**Student:** 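Below: one structure in structure tokens.
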Amino acid sequence: MGEKPVVLVTGAGRGIGRGISISCAEAGFDIAGVDILYDPANKDYGLFEVQRKVEELNASFLPVRGDVSVLHDHKRILDDVLDIYGKIDVLVNNAGVAPEKRMDVLTTSVDSYDRVMSVNTRGVFFLTQRIAVQMIEHVKKDSLQKPKIIFISSISAEVSSPSRAEYCISKAALSQAAQIYADRLAEFAINVYELRPGLILTEMTAPVKEKYDKLITEGLVPQKRWGFPEDIGKAVVALAKGYLEYSTGLVLELSGGMNIRRL
């Protein structure tokens, strides 16, 4: 492959991950996209649809089958990317799931809790651990390299939703993981960031679109619109390009102003 910087995006087959992949391709990065949506025959949905879009932008795209919650997949994911590109300049921890069914916190099931935590927190933590070690080795060989790690969390890291407690808890834990990795990796010039999307229009939010359409109209979001995957993609590009270099550990909310405290 060429000399372009390489971004590894988990959950790249749809939604925010798709938007991040396309934005990074537009900005001059090559992409390794990881997802469970791996069907080479389907060019209209999943990783291979994203591959087609990215290659139309004159960037390369490596589709990688993988489930971040399956720890045995992690070594193969890393090996597959290194075999093709030889490096990972930016890791974007985007893969995540919502509860399959919203339940009151008083009735949340163990199975739902374990599923959400295994993908959103446990899997992300250990994939980051493995890739961070590889990044450190790369930096030691070439001190001019400045890899970056970006965690895609959510405003739910701080905003309570009693009907999906396990999701909020998973994102709060992910936020702390980002801080810990930022602290630990600073000595190696590996910056770590956390992006907190607000209401982003994706398949994940489709079941509650009508509810939030009304709330957005009523002023829940000061900018009075849904966010889109490309809104997150643009922020990832800014961080990946080093535009906020003196800011490891930064928490950046992308919520249309929901972070504003209002009366």
Side-chain angles (χ1 to χ4, degrees), residues 1-12 16-17 19-34 54 57-62 64 66 68 74-75 77-95 124-153 174-197 230-254:
M1 292 293 178
E3 294 302 316
K4 290 183 178 180
V6 176
V7 181
L8 190 160
V9 183
T10 65
I16 290 176
I20 290 169
S21 298
I22 292 170
S23 292
C24 286
E26 290 173 335
F29 293 88
D30 285 333
I31 315 298
V34 179
V54 165
L57 296 167
N58 296 315
S60 74
F61 184 90
L62 174 67
V64 180
V68 298
H74 293 182
K75 182 179 185 302
I77 289 168
L78 178 58
D79 289 346
D80 285 355
V81 178
L82 294 182
D83 283 347
I84 298 300
Y85 294 117
K87 62 176 181 173
I88 297 170
D89 295 287
V90 182
L91 166 63
V92 182
N93 285 310
N94 167 73
V124 176
F125 178 88
F126 285 106
L127 180 63
T128 301
Q129 182 188 74
R130 184 177 290 273
I131 292 177
V133 169
Q134 187 277 329
M135 286 177 166
I136 291 168
E137 293 174 358
H138 196 59
V139 168
K140 287 180 176 178
K141 293 176 183 176
D142 183 356
S143 62
L144 296 178
Q145 297 300 314
K146 293 184 177 180
K148 295 170 180 65
I149 297 173
I150 301 170
F151 290 78
I152 308 297
S153 68
L174 191 66
S175 179
Q176 182 59 237
Q179 292 298 302
I180 291 168
Y181 274 113
D183 186 9
R184 182 66 181 91
L185 298 178
E187 67 174 285
F188 303 104
I190 300 173
N191 279 15
V192 180
Y193 305 100
E194 177 192 353
L195 295 184
R196 288 185 181 172
E230 54 265 34
D231 291 314
I232 313 305
K234 291 173 185 177
V236 168
V237 167
L239 297 175
K241 282 185 168 289
Y243 294 156
L244 295 159
E245 195 68 40
Y246 191 56
S247 58
T248 195
L250 176 71
V251 179
L252 181 61
E253 183 169 317
L254 305 164

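Just so we're clear, the structure is a prediction, and the values are computed from it rather than from any experiment.
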**Student:** Can you name the closest pair of heavy atoms from Ala178 and Val192 and give their distance?
**Tutor:** O-CG1, 3.5 Å

**Student:** So which atom in Gly17 and which in Val9 form the shortest heavy-atom distance, rounded to 0.1 Å?
**Tutor:** O-CG1, 3.9 Å

**Student:** Write down the atom of Cys24, the atom of Val236, and the distance for their closest heavy-atom approach.
**Tutor:** SG-CG1, 3.9 Å

**Student:** Looking only at non-hydrogen atoms, find the nearest pair between Gly66 and Ile77 and report the distance.
**Tutor:** CA-CD1, 4.1 Å

**Student:** Do the non-hydrogen side-chain atoms of Phe29 and Val6 ever get within less than 4.5 Å of each other?
**Tutor:** no

**Student:** May I ask you to decide if Asn94's main-chain N or O and Thr10's side chain share a donor-acceptor pair within less than 3.5 Å?
**Tutor:** yes

**Student:** Let me confirm one number: the CG-CG distance from Leu252 to Leu195, rounded to the nearest 0.5 Å.
**Tutor:** 5.5 Å

**Student:** Run the side chain to side chain contact (heavy atoms under 4.5 Å, CB included) test on Asp231 and Leu254 for me, step by step, so that the C-alpha distance in whole Å, both residues' side-chain angles and the decisive distance to 0.1 Å come before the verdict.
**Tutor:** CA-CA 8 Å; Asp231 291 314; Leu254 305 164; 5.9 Å; no

**Student:** First locate atom CG of Leu57, then atom CD1 of Ile31, and finally report the distance between them rounded to the nearest 0.5 Å.
**Tutor:** 9.5 Å

**Student:** If every non-hydrogen atom of Leu185 is compared with every non-hydrogen atom of Ile136, which pair is closest and at what distance?
**Tutor:** CD2-CD1, 3.9 Å

**Student:** Is the shortest side-chain heavy-atom distance between Val92 and Ile152 below 4.5 Å?
**Tutor:** yes

**Student:** Are side-chain heavy atoms of Ser175 and Arg196 found at a separation under 4.5 Å?
**Tutor:** yes

**Student:** For Phe151 and Tyr181, take the angle between the two ring planes, folded into 0 to 90°, and tell me which bin it lands in: parallel under 30, tilted 30 to 60, perpendicular over 60.
**Tutor:** parallel

**Student:** With heavy-atom distances below 4.5 Å as the criterion, would you say the side chains of Pro147 and Phe188 are in contact?
**Tutor:** no

**Student:** Between Glu194 and Ser153, does any side-chain donor sit less than 3.5 Å from a side-chain acceptor?
**Tutor:** yes

**Student:** Does some side-chain heavy atom of Val90 sit less than 4.5 Å from a side-chain heavy atom of Ile88?
**Tutor:** no

**Student:** If you measure from CG on Asp30 to CD1 on Ile84, what distance do you get to the nearest 0.5 Å?
**Tutor:** 11.5 Å

**Student:** How close do Pro5 and Gly28 get, heavy atom to heavy atom, and via which atoms?
**Tutor:** CD-O, 3.9 Å

**Student:** Quick check for you: to the nearest 0.5 Å, what is the distance between Lys87 atom NZ and Lys141 atom NZ?
**Tutor:** 13.5 Å

**Student:** For the atom pair CG (Asp80) and NZ (Lys75), what is the distance rounded to the nearest 0.5 Å?
**Tutor:** 9.5 Å

**Student:** Under 3.5 Å, is there a donor-acceptor pair between the side chain of His74 and the main chain of Arg130?
**Tutor:** no

**Student:** With a 4.5 Å heavy-atom cut-off, do Leu82 and Leu78 have their side chains touching?
**Tutor:** yes

**Student:** I'd like to know if the side chain of Ser23 and the backbone of Ile20 have a donor-acceptor N/O pair within less than 3.5 Å.
**Tutor:** no

**Student:** Any side-chain to backbone donor/acceptor pair from Asn191 onto Glu245? Under 3.5 Å, distance only.
**Tutor:** yes

**Student:** When rounded to the nearest 0.5 angstrom, what distance separates CD1 in Ile149 from CG in Leu239?
**Tutor:** 12.5 Å

**Student:** Looking at Met135, Lys4, Gln145, which hits side-chain contact (heavy atoms from CB on, under 4.5 Å) with Asp89?
**Tutor:** Gln145

**Student:** Do Val81 and Ile131 have side chains that approach each other closer than 4.5 Å (heavy atoms only, starting at C-beta)?
**Tutor:** no

